[in-house]
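What follows is a set of notes on a single structure, which appears directly below.
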Amino acid sequence: MRSELDLELVGLTKRYGDTLAVDAVSHLFHAGSYCCLLGPSGCGKSSTLRMLAGHETVTDGAIILGGRDVSRLPPARRGTAMMFQNYALFPHLSVIDNVAFSLKMKGIDAAKRRASAAEMLARVDMTVFSDRLPAQLSGGQQQRVALARALITQPQVLLLDEPLSALDPFLRIRMRAELRKLQRELGISFIHVTHSQDEALALADEIVVMNEAKIVQAGPAREVFQAPKTAFVARFIGSHNVIALPEGKFALRADELKLAPPQGAKLRGRVTGVEYQGTHVALRITIAGEQELTALLTDKNFFGAPKDVGEAVGLDWDGQAAHALSA
């Protein structure tokens, strides 16, 4: 069902000279959802986000938010707010003044804007740092300040451009949990650009996969992971093998592959690599046509009957595990 706060892209296009960065993209983002735009570098996801924010002009098409075309409005009048990849905090302003800055630009008096900024800092657990300068904060703390600054304008949609990419792996996992919790508390739409499949799967209600300036698949996170439509999506979303046989091309999750005796197995191959991953062991196996597959076995299953590089193996899977791919 549609909502009056939905965000819709209608034939959204961006050209830089002769380069087509976003190619007539159309999509409906439901109000109150967490959506990740996922794709490789240069696929058009960041250009799409910047057009939503008003930081890039729209070459063609429309951006409809709350039933109105905001495509040509300045950023402050759109109902969106942007959290930048580098956080873009003012180095000479304190944390609380950074957060309050947009309210100052709107002419809101000092006491009211500081009260609003203090409330936002409390929401992101940064109250005790309110008088510090950005240089006195860690990367994760700077991110929280940038988040508070974006949210103080009470946007209908928060736009996040690779917000976790500068953080170390441990902090990245912690911060994505905090982002998801905050989105649920606020109830507004988050649109989050990332090239990390793990990040998208952990955060998103909906994943929109982009490649070569187009949306190639969109849907609930589990649906996109379980049923990729193309070989590109299967490979990019991760944990899938793309297998080409005379009868057609299909995707098969690495954890659905089972080792079997070579005689009578659906596929036969040779082990070319063994990688211990703690709870699992990843086996690289080369089959006919020099196709390299990955079988992900539990630690217990692998070490119960270990395989060595060069050893011949058979591969089987349950009948419903293979998923046909379109061209």
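Please read all numbers here as calculations on a predicted model, not as lab measurements.
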Does the cation-pi check pass for R184 over Y34, that is, NZ or CZ under 6.0 Å from the six-membered ring centre and within 45° of its axis?
no
Under a 4.5 Å side-chain heavy-atom rule over Ile, Leu, Val, Met, Phe, Trp and Tyr, are L186 and M120 clustered together?
yes
For A202 and R176, work out which heavy atoms get closest and say how close.
CB-NE, 3.6 Å
Using a cut-off of 6.0 Å, state whether more than 12 heavy atoms not belonging to N86 lie near its atom CG.
yes
Tell me whether the count of non-hydrogen atoms from other residues, nucleotides or ligands lying under 6.0 Å of CD in E292 goes above 12.
yes
Rounded to the nearest 0.5 Å, the CD atom of E178 sits from the CD atom of Q143 at a distance of 8.5 Å
Could you tell me whether R15 and D23 make a salt bridge, using a distance below 4.0 angstrom between a side-chain N and a carboxylate O?
no
One should read off an interatomic distance between S189 OG and Q183 CD, to the nearest 0.5 angstrom, of 7.5 Å
Aromatic plane relationship, Y276 with F303 - under 30° parallel, 30 to 60° tilted, over 60° perpendicular:
perpendicular
Evaluation steps, salt bridge (Lys or Arg N to Asp or Glu O under 4.0 Å), between D205 and R180
CA-CA 10 Å; D205 299 311; R180 193 65 176 104; 2.4 Å; yes
Side chain R270, main chain V309, donor-acceptor under 3.5 Å:
no
Under the side chain to side chain contact (heavy atoms under 4.5 Å, CB included) criterion, do S46 and D161 qualify, and how do the steps go?
CA-CA 7 Å; S46 290; D161 185 14; 3.4 Å; yes
Is it possible for you to say whether L164 and F84 belong to one hydrophobic cluster, with membership spreading through side-chain heavy-atom contacts below 4.5 Å?
no
Are any side-chain N or O atoms of T80 and backbone N or O atoms of V157, one a donor and one an acceptor, separated by less than 3.5 Å?
no
When you compare the side chains of R144 and Q141, does any donor N or O come within less than 3.5 Å of an acceptor on the partner?
no
H195 and F236 aromatic centres sub-6.0 Å
no
Around atom CD of Q136, are there more than 12 heavy atoms of other residues, nucleotides or ligands at under 6.0 Å?
yes
Tell me the closest heavy-atom pair linking E311 and P306, and the distance in Å.
OE1-O, 4.3 Å
Under 4.5 Å between side-chain heavy atoms, counting indirect links through other Ile/Leu/Val/Met/Phe/Trp/Tyr residues: same cluster for I191 and L203 or not?
no
Can you find a heavy atom in the side chain of T294 that is under 4.5 Å from one in the side chain of L283?
no
Over 12 foreign heavy atoms within 6.0 Å of CD, Q320
no
Going by atom types alone, do S33 and E206 pair a side-chain donor with an acceptor below 3.5 Å?
no
Closest approach of A21 to S47 (non-hydrogen atoms, all atoms of both residues)
CB-OG, 4.0 Å
Enter the distance from L37:CG to T194:OG1 here, rounded to the nearest 0.5 Å.
10.0 Å
Would you check, one step at a time, whether the test side chain to side chain contact (heavy atoms under 4.5 Å, CB included) holds for D308 with V271?
CA-CA 7 Å; D308 292 323; V271 177; over 6 Å; no
N211 and P40 have their tightest heavy-atom pair at OD1-CG, 3.8 Å
CG-CG distance between L28 and L9, expressed to the nearest 0.5 angstrom:
9.0 Å
Those residues at least two apart in sequence (or on a different chain) that pass salt bridge (charged side-chain N to carboxylate O under 4.0 Å, His left out) with K266 are none
Flag if over 12 foreign heavy atoms under 6.0 Å of CZ, R72:
yes
Short side-chain donor-acceptor distance under 3.5 Å, D198 and S196:
no
Would you say D109's side chain and A111's backbone share a donor-acceptor pair under 3.5 angstrom?
yes
Salt bridge or not between E119 and R123? Use side-chain N to carboxylate O under 4.0 Å.
no
Is K14 positioned over the aromatic face of Y16, cation under 6.0 angstrom from the ring centre and no more than 45 degrees off axis?
yes
Going through the checks in order, is the side chain to side chain contact (heavy atoms under 4.5 Å, CB included) test met by V70 and L73?
CA-CA 5 Å; V70 301; L73 294 180; 3.9 Å; yes
Within 6.0 angstrom of Q226 CD, more than 12 heavy atoms from elsewhere
yes
With rounding to the nearest 0.5 angstrom, report the CE to CZ distance, M210 to F232.
10.5 Å
Do the side chain of R50 and the main chain of K45 share a donor and acceptor less than 3.5 angstrom apart?
no
Hydrophobic clusters here meaning ILVMFWY residues chained together by side-chain heavy-atom distances under 4.5 Å, can you tell me if F225 and L325 are in one?
no
Determine whether E199 and R172 satisfy the following criterion, salt bridge (Lys or Arg N to Asp or Glu O under 4.0 Å), listing intermediate values before the conclusion.
CA-CA 9 Å; E199 197 171 293; R172 196 176 303 144; 5.1 Å; no
State yes or no: do I237 and L293 share one hydrophobic cluster built from I, L, V, M, F, W and Y residues joined by side-chain heavy-atom distances below 4.5 Å, directly or via other members?
no
Determine, stepwise, if the pair R114 / D97 fulfils salt bridge (Lys or Arg N to Asp or Glu O under 4.0 Å).
CA-CA 8 Å; R114 284 183 69 86; D97 287 338; 3.2 Å; yes
Supply the atom-to-atom distance R132 CZ to Q142 CD, rounded to the nearest 0.5 angstrom.
12.0 Å
